[in-house]
Amino acid sequence: MKTSNKLFYCLSFALLMATSGEAQFFKKLAKKAEKAAERTVERRVDRETTKKTDQALDSILEPGSGGKQSPGNPQGNGNPGGTVNENGTSNGPVTAGPKTIEVYSKFDYVPGDKPIFYDDFNDDFMGDFPSKWNTNGSGEVVTVDGLPGKWYSIANRSLTLPNLGSQLPEDFTMEFDLKVTNLTRNTSSLATLDIYLSETPNLTTSESNVMATLNFCQYIAVGVKVDNDFRDDPSPITNTLQRDLREVFKDVAHISIAVNKNRYRLWINETKIVDLPQFVVRPNQINYPKFYVSNIDEQGNKERVLIGNLKIAEGGVDLRRKLMSEGKISTNGILFNSGSADILPQSMGIIRQISQVLTQDKSIKLNIVGHTDSDGSDESNLSLSENRAEAVKKALISVYGISSDRLSSEGKGEAEPVADNNSAQGKAQNRRVEFIKK
């Protein structure tokens, strides 16, 4: 009997423990299921939140897109050519690809007439860091298949600046060619080139500066961001000017900047994007240009940011008044393809101003004189300078309707240099065109 009771109690205890263990097992299983359900809900919420966030960003960055992406297809407003507002900026599409001088006939950028710095990197060895620059990161001189000349490839997360040797004046211009390689829909939305005009030549941006940011994202159209930062400025400017530049940045783009005291303007190719009359709060604190590259995938996507033919010049003033008052102007802002008389379209801002003088005063007649550097023979340079002067004359006639009997042209080759032909900067000064009232 005692043995039976003991057996009963043991069996009862075992059943109780089994029931308790099973209950604990199902309780743990229920908790796991609950946590799994929570994670599923969280993932679903994350997906929905991400989707809504993307749609919100799309509505901000691409108004009217309804959240649907259409890379390479700019949003229109029923006016394919766009409109030009009161300060000269255009809301039309920025065109990519080869340009003609007719496309640039309304281009109003006028480069300065006194060179400060010029670098085409032709004096540097391939693979070397360019000799006229400084950086806190890295970079190298490269060539690109299908493109002429050498380029400076700025490494990711590198701040770099040209060694000017002096501060920028209050009135100056800066222009360069820009090429970004291997842009795709995988390019980061934060892939950018920051163009600073800054206070010191130090490798820092923690100082007074103005900045324009070019964004290379291909998934959505971002545009150009502008910021200024001056100590104790009660009204700093921060804005993003929405433009679809995706196709533009797949090709070589020409960037032009003009600063006239407080006023800041920026063009991409023939289109003015930025015109801010009070952007440079304190002109005396804007002394050095700097470039910063970020979020470029150099290894995975083989993306690179390249700049070429950087030219900085003092001036950018109204050549019309100078021609009217002095009767003569000389400019190296009219550019040609190397060794030819083919005018580069971005030179049309100067030719346009000359045409305005001739249109305003019908009595004026001009002689156009071409000059070259010393590269090549005397005979070829004389012929080249004559052909270039004649090309400018033909542009005034064919594009702006100036009567041919009011214009003459001649060339002087390399005979009258104004600078040393032993440096790239000196050669750039000697390649010039003069307009002389007769």
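Between Tyr400 and Leu358, every side-chain heavy-atom pair lies at or beyond the 4.5 Å cut-off. Arg243 has its side chain out of reach of Val224: every pair of non-hydrogen atoms, C-beta onward, lies at least 4.5 Å apart. Using a 4.5 Å cut-off on side-chain heavy atoms (C-beta onward), Leu382 and Glu386 make contact. Side chains of Asp229 and Ser208 form no contact here, defined as non-hydrogen atoms less than 4.5 Å apart. Side-chain atoms of Phe435 and Thr331, non-hydrogen and from C-beta on, do get closer than 4.5 Å to each other.
Using a distance-only test at 3.5 Å, with no hydrogens or angles considered, a donor-acceptor pair links the side chain of Asp420 to the main chain of Asn422. Not one N or O on the side chain of Ser158 forms a donor-acceptor pair closer than 3.5 Å with the backbone of Ile154. The backbone N or O of Gln242 sits nowhere less than 3.5 Å from a side-chain atom of Thr240 that would complete a donor-acceptor pair. Of the possible donor and acceptor atoms, none in the side chain of Asn228 sits under 3.5 Å from a partner among the backbone N and O of Val280. When atom types are taken as modelled, the side chain of Asn202 and the backbone of Thr204 share no donor-acceptor pair closer than 3.5 angstrom.
Here Lys302 contributes atom NZ and Ile296 contributes atom CD1; the two are 14.0 Å apart, rounded to the nearest 0.5 Å. Remark: Ile351 CD1 to Gln356 CD distance equals 12.5 Å, nearest 0.5 Å. Rounded to the nearest 0.5 Å, atoms CZ (Phe129) and CG (Asn134) are 6.5 Å apart.
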Going through the distances and angles, do Phe121 and Trp151 end up as a ring pair (Phe, Tyr, Trp, His ring centres under 6.0 Å)?
CA-CA 7 Å; Phe121 309 107; Trp151 298 77; 8.7 Å; no
Any chance you could lay out the side chain to side chain contact (heavy atoms under 4.5 Å, CB included) test for Glu434 and Ile368, step after step, and finish with the verdict?
CA-CA 6 Å; Glu434 291 180 306; Ile368 305 166; over 6 Å; no
For the pair Arg304 and Glu298, evaluate salt bridge (Lys or Arg N to Asp or Glu O under 4.0 Å) and give the outcome as yes or no after the intermediate values.
CA-CA 6 Å; Arg304 284 192 168 193; Glu298 296 172 316; 5.6 Å; no
Applying side-chain hydrogen bond (donor to acceptor under 3.5 Å, both in side chains), run through Asp120 and Asn309 and close with a yes or a no.
CA-CA 4 Å; Asp120 58 7; Asn309 298 308; over 6 Å; no
Tyr264 and Asp275: side chain to side chain contact (heavy atoms under 4.5 Å, CB included), yes or no, with the steps?
CA-CA 6 Å; Tyr264 178 98; Asp275 194 343; over 6 Å; no
Worked check of side chain to side chain contact (heavy atoms under 4.5 Å, CB included) between Thr205 and Tyr292
CA-CA 10 Å; Thr205 58; Tyr292 182 72; 5.8 Å; no
Ring pair (Phe, Tyr, Trp, His ring centres under 6.0 Å) evaluation trace for Tyr288 with Tyr196
CA-CA 8 Å; Tyr288 300 93; Tyr196 286 92; over 10 Å; no
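Here the options are Asp373, Asn332, Asn421, Asp375, the test is side chain to side chain donor-acceptor pair (under 3.5 Å), and the partner is Asn430; only Asn421 passes.
Judged as a salt bridge (Lys or Arg N to Asp or Glu O under 4.0 Å), the pairs with a partner in residues 189-218 (not counting sequence neighbours) are, in order, Glu199-Arg231, Glu207-Lys290. Counting only residues at least two apart or in different chains, salt bridge (Lys or Arg N to Asp or Glu O under 4.0 Å) contacts with residues 150-159 are absent.
A side-chain donor from one of Ser380 and Ser377 sits under 3.5 Å from a side-chain acceptor of the other. Side-chain contact annotation: Ser408 with Asn367, donor-acceptor N/O pair under 3.5 Å present.
Nearest heavy atom pair, residue Pro201 against residue Leu161, reads O-CD1, 3.6 Å.
Between Tyr118 and Phe176, the gap from one ring centroid to the other reaches at least 6.0 Å.
More than 12 heavy atoms of other shown residues, nucleotides or ligands fall within 6.0 angstrom of atom NZ in Lys437. Surrounding NZ of Lys225 are at most 12 heavy atoms belonging to other residues, nucleotides or ligands under 6.0 Å away.
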